[in-house]
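Have a look at the structure below, then the notes.
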Amino acid sequence: MALHIYNTLTRRKEPFESVHPDRIGVYFCGPTVYGDAHVGHAKAYITADIVNRYLRFRFPDKKVTYVQNITDVGHMTDNDDVSGEDKLEVQSRKERKHPMEVAEYYTRRYFEDMDALNITRPDISPRATGHIIEQIEIIKELLTKGYAYEVNGNVYFDVAQDKDYGKLSGRKAEEQESSGRVEERSDKRSPQDFALWKRAEKGHLLQWPSPWGMGFPGWHIECSAMSMKYLGESFDIHGAGLENSFPHNECEIAQSECATGKKPFVKYWMHNNMVTTGGVKMGKSLGNSAYLRDLYQQYDPLSLRFTILQSHYRSTTEFTEEAIAAADAGYQKLLSSYHRLLQASMGLPVTGLEESNSLVREFIASMDDDFNTAKAIATLYDLSTETNSALTQQDKGRYATLRSTWNVLAGNILGILPRAASTQSDLTEKMDSAMHLLIRQRKAARDRRDFAASDAIRNELDAAGIVLEDTKEGTTWRLK
RNA sequence: GGCGCCGUAGCCAAGUGGUAAGGCAGAGCUCUGCAAAAGCUCCAUUCCCCGGUUCAAGUCCGGGCGGCGCCUCCA
């Protein structure tokens with residue numbers, strides 16, 4: 001069995017073979033930093049995180065480089081032509097800050113929000129504004145090769161020159177309806193052409209000198225410039241939200257392949273589906289989207305991560321209170337099993353992953369099948385059952401292996417184990433001995449049948465967030 | 001209008017043509033001073049509907065019905 005990835009380009013699952021023998025390049029379209037991250041960002045970047053974590057696990061000998069851009073030059077609120085406003089500039093006016101200040105502010109908050117979800121940071125987080133030169137170079141190349149034309153300080157990609165245009169989305173330019181809006185005073189030769197460089201109107205805060213005058217880059221060109229700069233002209237995986245496949249990713253392919261003459265620009269295209277509520281897409285423009293920061297007030301971020309992983313990345317995720325609560329209940333059950341094991345196995349040596357174990361094999365087979373996290377999580381419940389029964393039978397010989405299974409599958413690959421708990425810190429050990437003092441006090445009370453006293457200890461600890469549980473082998477404690 | 005996706009139990013959800021994973025909720029039992037946890041058992045003769053292909057279809061094909069996404073910024 002080999003890792004298979006569903007490739008949007010071919011609309012099939014294909015076995016993964018890296019472009020280069022010793023390295024893998026992964027790029028996901030990053031956020032435009034003019035507002036806080038919402039649930040949709042969570043699904044997209046958890047998907048990216050799973051891809052990266054799993055590739056690193058599956059191909060330990062290959063260097064995986066993960067690049068995710070930060071879009072800090074605004075795109076238009078309207079269409080990409082004369083009308084419309086730069087989103088970052090709109091926000092900067094609202095907040096009375098320079099656009100770069102706005103970008104910086106939301107970039108930091110973005111990383112905080114992603115950190116909470118236990119998303120490993122990209123190896124490189126290139127800023128669009130830091131790569132204006134690279135973008136201009138590609139545009140110059142496209143002009144030289146006749147794939148682009150300049151009109152009044154604007155440069156457009158000439159879609160008619162690229163026979164491959166449409167290969168990702170299956171769209172043919174002639175069949176597109178002109179979106180209902182009137183193309184007012186367009187300089188374009190054809191409505192399908194898209195902007196590579198735009199002339200800046202006076203007062204536009206973000207603008208740079210170029211061979212075509214003062215201006216700023218078009219929407220799509222940044223991703224081509226930054227991905228190829230760090231991953232090469234032909235790399236392995238490019239991901240994005242489904243809604244970006246057209247026009248954004250389609251245009252990326254066109255401009256990249258025409259500029260370099262190398263095909264394919266990207267070998268595997270991955271697109272994650274949306275988060276819905278009541279069956280309808282959650283989106284910024286629809287006003288039904290939830291900011292992660294607000295959600296964190298109510299839910300454990302890792303529990304949200306778990307909720308998202310319980311559906312496949314190419315399926316929609318139904319995000320309602322009921323769905324989150326149900327997922328959370330199951331998640332807490334897994335965690336409790338893991339925590340009990342951690343306590344019982346304190347001090348035992350770390351062992352490797354037992355790769356022959358049928359459960360481990362099943363987990364890997366699920367992940368190999370286009371990152372089927374929902375199916376993989378099902379095997380975690382088997383692991384939980386196995387762990388619980390080892391614990392009840394005091395089968396200590398199994399503890400170390402079980403613990404490393406949890407750490408690798410649930411921890412390293414799925415990233416759903418709390419960080420603090422995955423290492424046996426000094427603090428935990430000290431707390432453990434303090435807890436045993438209280439547990440002994442309570443046992444003494446119970447032995448003399450003073451239940452008022454014993455219940456008081458349990459209740460007060462419970463109020464402090466510590467749960468005591470009486471089992472056959474004695475009383476155990478865990479954090480709520 | 002064009003491109004594409006989906007419809008599986010009360011809810012979330014996986015499903016490679018071979019006889020419906022998993023979780024939540026619900027019911028019962030064991031253990032227990034009580035509680036919690038854990039364990040065991042039960043919980044879709046059926047996968048929106050109708051045809052077809054096949055020894056065999058939730059899975060393939062055709063036609064309906066219903067929902068959704070993209071074609072404007074959006075993860």
Requested in this report: Would you sort out whether A/D49 and A/R305 count as a salt bridge (Lys or Arg N to Asp or Glu O under 4.0 Å), showing the intermediate values?
Outcome: CA-CA 11 Å; A/D49 190 39; A/R305 179 181 175 106; 2.9 Å; yes
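- Distance CG (A/D193) to P (B/U72): 13 Å, rounded to an integer number of Å.
- Under the 30°/60° scheme for interplanar angles, the aromatic rings of A/Y165 and A/F194 are found to lie parallel.
- Atom CZ of A/R293 has more than 12 neighbouring heavy atoms from other residues, nucleotides or ligands inside a 6.0 Å radius.
- When the C1' atom is used for both B/A37 and B/A44, the distance is 30 Å, rounded to whole Å.
- Judged by centroid separation below 5.5 Å and plane tilt below 30°, A/Y381 does not stack onto the base of B/G22.
- Using a 4.0 Å heavy-atom distance criterion, A/N273 is classed as a base contact.
- No more than 12 heavy atoms of other residues, nucleotides or ligands sit less than 6.0 Å from atom CZ of A/R12.
- As judged by a 4.0 angstrom heavy-atom cut-off over every strand, A/R442 is placed among the base-contacting residues.
- When the P atom of B/A14 is taken as reference, atom CG of A/D370 falls 12 Å away, rounded to whole Å.
- Rounded to the nearest Å, the gap between the C1' atom of B/A56 and that of B/A14 is 22 Å.
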Expected string for nucleotides 37-44 of chain B under the B/S/- scheme (protein heavy atoms, under 4.0 Å, primed atoms plus P, OP1, OP2 as sugar-phosphate) is SSS-----
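- If you look at A/H271 and A/F246, their ring centroids are not closer than 6.0 Å.
- Under the Watson-Crick or G-U wobble criterion, with both distances below 3.5 Å, B/G1 is paired with B/C71.
- Contacts of A/L468 with the nucleic acid, taken as non-hydrogen atoms under 4.0 Å apart, include base atoms.
- Taking atom P on both nucleotides, B/U46 is separated from B/C55 by 24 Å, rounded to a whole Å.
- Atom-to-atom, CD1 of A/I308 to P of B/C12 comes out at 16 Å; the value is rounded to the nearest Å.
- Within the 4.0 Å cut-off from OP1 or OP2 of B/A14, at least one side-chain nitrogen or oxygen of A/S315 is found.
- When the P atom is compared between B/A36 and B/G58, the two are found 42 Å apart, to the nearest whole Å.
- In this entry the distance linking CD1 of A/I439 with P of B/A35 reads 20 Å, nearest Å.
- A/E14 pairs in a side chain to side chain contact (heavy atoms under 4.5 Å, CB included) with only one of the listed residues (A/L9, A/I5, A/N7, A/D370), which is A/N7.
- Here A/H312 lies in heavy-atom contact (under 4.0 Å) with sugar-phosphate atoms only.
- Under the side chain to side chain donor-acceptor pair (under 3.5 Å) rule, A/R478 has a single partner from A/E469, A/Q343, A/H339, which is A/E469.
- Distance check on atom P: B/C12 versus B/C68 gives 15 Å, rounded to whole Å.
- Within 4.0 Å (heavy atoms only), A/T316 reaches sugar-phosphate atoms of the nucleic acid but no base atom.
- Checking A/I377 against A/E322, the closest nucleotide of RNA chain B that is more toward the 5' end is the one next to A/E322.
- Taking atom CZ on A/F371 and atom C1' on B/U16, their separation rounds to 18 Å, with Å as the unit.
- The partner of B/G39 is B/C29, by the rule that a Watson-Crick or G-U pair needs both atom distances under 3.5 Å.
- Of the P atoms belonging to B/C42 and B/G23, the separation is 13 Å, rounded to the nearest Å.
- Outside the 6.0 Å centre-distance limit, the rings of A/H38 and A/Y291 are not counted as a close aromatic pair.
- For the P atom pair drawn from B/G51 and B/A13, the interatomic distance equals 30 Å after rounding to whole Å.
- The aromatic ring centroids of A/H204 and A/F216 lie less than 6.0 Å from each other.
- Side-chain atoms of A/A329 lie closest to B/C24 of the nucleotides B/C24, B/C12, B/A14.
- Residue A/K281 contributes atom NZ, which lies 16 Å from atom C1' of B/C6 at whole-angstrom precision.
- Atom P of nucleotide B/A14 and atom CZ of A/R314 are separated by 10 Å, given to the nearest angstrom.
- Applying the Watson-Crick and G-U wobble criteria (two distances, each under 3.5 Å), B/G51 pairs with B/C61.
- Among the atoms of the strands shown, none is found under 4.0 Å from any heavy atom of A/V39.
- When both pairing distances are held under 3.5 Å, B/G66 makes a Watson-Crick or G-U pair with B/C6.
- Contacts of A/N272 with the nucleic acid, taken as non-hydrogen atoms under 4.0 Å apart, include base atoms.
- Aromatic pair A/F265/A/F235: ring centres closer than 6.0 Å.
- Under 3.5 Å, the side chain of A/R11 and the base of B/C5 form no donor-acceptor pair of N or O atoms.
- Distance from the side chain of A/A44 is smallest to B/A75 among B/C24, B/A75, B/C70.
- Mapping A/Q310 and A/A327 onto RNA chain B by nearest heavy atom places A/Q310 closer to the 5' end of the strand.
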Under 3.5 Å, side-chain donor or acceptor atoms of residues 373-381 of chain A against the rest of the protein: list the pairs with distances, not counting sequence neighbours.
residue, atom, partner, partner atom, Å
A/T373, OG1, A/L309, O, 2.7
A/T379, OG1, A/A376, O, 2.6
A/Y381, OH, A/G330, O, 3.3

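- Side-chain atoms of A/R171 come within donor-acceptor range of the base of B/C70, with a qualifying N/O pair under 3.5 Å.
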**Report entry** A/R108 vs A/E112, salt bridge (Lys or Arg N to Asp or Glu O under 4.0 Å): CA-CA, chis, key distance, verdict
**Finding:** CA-CA 6 Å; A/R108 291 177 190 172; A/E112 286 168 15; over 6 Å; no
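- Within 4.0 Å (heavy atoms only), A/G330 reaches sugar-phosphate atoms of the nucleic acid but no base atom.
- At B/G15, one or more side-chain N or O atoms of A/N372 fall inside 4.0 Å of OP1 or OP2 (strictly under the cut-off).
- The side chain of A/A326 sits closest to B/G23 out of B/G33, B/G23, B/A75.
- Nucleotide B/U46 forms a pair with no other nucleotide shown, judged by Watson-Crick or G-U wobble geometry with both contacts under 3.5 Å.
- Summarising the geometry, the separation between CD1 on A/I70 and C1' on B/A75 is reported as 13 Å, rounded to the nearest angstrom.
- Nucleic acid contact for A/Y331: none, since no nucleic acid atom lies under 4.0 Å from a heavy atom of the residue.
- Distance noted for atom P between B/A21 and B/G15: 14 Å (whole Å).
- B/A21 makes up no base pair with any nucleotide shown, lacking Watson-Crick or G-U wobble contacts both under 3.5 Å.
- With distances taken from any side-chain atom of A/E318 to the nucleotides B/C70, B/C12, B/A35, the minimum falls on B/C12.
- Picking from B/G33, B/C71, B/A35 the nucleotide with the shortest atom distance to the side chain of A/R458 gives B/A35.
- The side chain of A/K375 contributes no N or O atom lying less than 4.0 Å from OP1 or OP2 of B/A13.
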